[in-house]
Novice: 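Got a structure for you, written out below as structure tokens; questions coming shortly.
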Amino acid sequence: MRLVLAALALALAGCSPASTGVAQSAQAAAAIRPVSGLEVIPLTVISGGKRLTFKVELAKGPIEQGKGLMFRTAMGADEGMVFPLNPPRPAGFYMRNTVIPLDIIFVGPDGRILNIAANTVPYDETSLKSAGPVKAV
């Protein structure tokens, strides 16, 4: 498993969008990531009857989302970043100034994974797009 992007960030390997649901835990942790100053919350992915819990930074606003995971040199196996989008809309991300390869996971309005841009190429400025409207990346 790998984590998300610049996004979002979290990582999943071999997950089917049709069989995977994503749900945010009701209890948000009161932690702040020193490197970004962003709130860290738990995020649970349910796949094939398994619950996987991640610690994700919450990039709520345009400034946080614009920076994403740029310039980061490392991430833990259970870490990522989530970009909530309200209202849901098509989204695109690129890897400008992003040092580590990431999996960008696009979450549809129903909470299921819509598509994944897996193992993205650091520094690549090719737009990686959602397959439709998403409520989070």
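One is the number of the first residue; the rest follow in order along the sequence.
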Novice: To the nearest 0.5 angstrom, please state how far the NZ atom of K60 sits from the CG atom of L38.
Specialist: 9.5 Å
Novice: Treating R51 as the side-chain partner and G49 as the backbone partner, does any N or O pair qualify as donor plus acceptor under 3.5 Å?
Specialist: no
Novice: Below 4.5 Å, heavy atoms only, C-beta onward: do Y94 and L128 meet side chain to side chain?
Specialist: no
Novice: If you define the side chain from C-beta out and look only at heavy atoms, does anything of P84 sit under 4.5 Å from Q65?
Specialist: yes
Novice: Under the 3.5 angstrom rule, does the side chain of T98 hit a backbone N or O of L69 as a donor-acceptor pair?
Specialist: no
Novice: Calculate, to the nearest 0.5 Å, the distance between atoms CD and CD belonging to E39 and E64 respectively.
Specialist: 11.0 Å
Novice: My understanding is that only residues two or more places apart in sequence, or in another chain, count here; which of them pass side-chain hydrogen bond (donor to acceptor under 3.5 Å, both in side chains) with T126?
Specialist: D124
Novice: Counting C-beta onward and ignoring hydrogens, is there a side-chain heavy-atom pair between V134 and P90 closer than 4.5 Å?
Specialist: no
Novice: Of all heavy-atom pairs between P101 and N119, which one has the smallest distance, and what is that distance?
Specialist: CB-OD1, 3.5 Å
Novice: Taking all atoms of both residues into account, what is the closest heavy-atom pair of G92 and S127, and its distance?
Specialist: CA-OG, 4.1 Å
Novice: Check whether any side-chain heavy atom of L58 sits under 4.5 Å from a side-chain heavy atom of M81, and report yes or no.
Specialist: no
Novice: Could you tell me which non-hydrogen atom of I104 sits nearest to which non-hydrogen atom of F93, and how far apart they are?
Specialist: CD1-CB, 3.9 Å
Novice: Identify the two heavy atoms, one from D78 and one from T53, that lie closest to each other, and give their separation to 0.1 Å.
Specialist: CB-O, 4.2 Å
Novice: Taking the side chain as every heavy atom from C-beta outward, state whether E57 and S36 have any atom pair closer than 4.5 Å.
Specialist: yes
Novice: Can you check whether V56 reaches I41 side chain to side chain, under 4.5 Å on heavy atoms?
Specialist: yes
Novice: Can any side-chain N or O of N115 pair as donor or acceptor with the backbone N or O of S130 at less than 3.5 Å?
Specialist: no
Novice: Atom CZ of R33 and atom CZ of R72: how far apart are they, to the nearest 0.5 Å?
Specialist: 7.0 Å
Novice: By side-chain hydrogen bond (donor to acceptor under 3.5 Å, both in side chains), which residues pair with N97, not counting sequence neighbours?
Specialist: none
Novice: Measuring from L114:CG to K135:NZ, what's the distance to the nearest 0.5 Å?
Specialist: 12.0 Å
Novice: Can you tell me how far the OH atom of Y123 sits from the CE atom of M70, to the nearest 0.5 Å?
Specialist: 11.0 Å
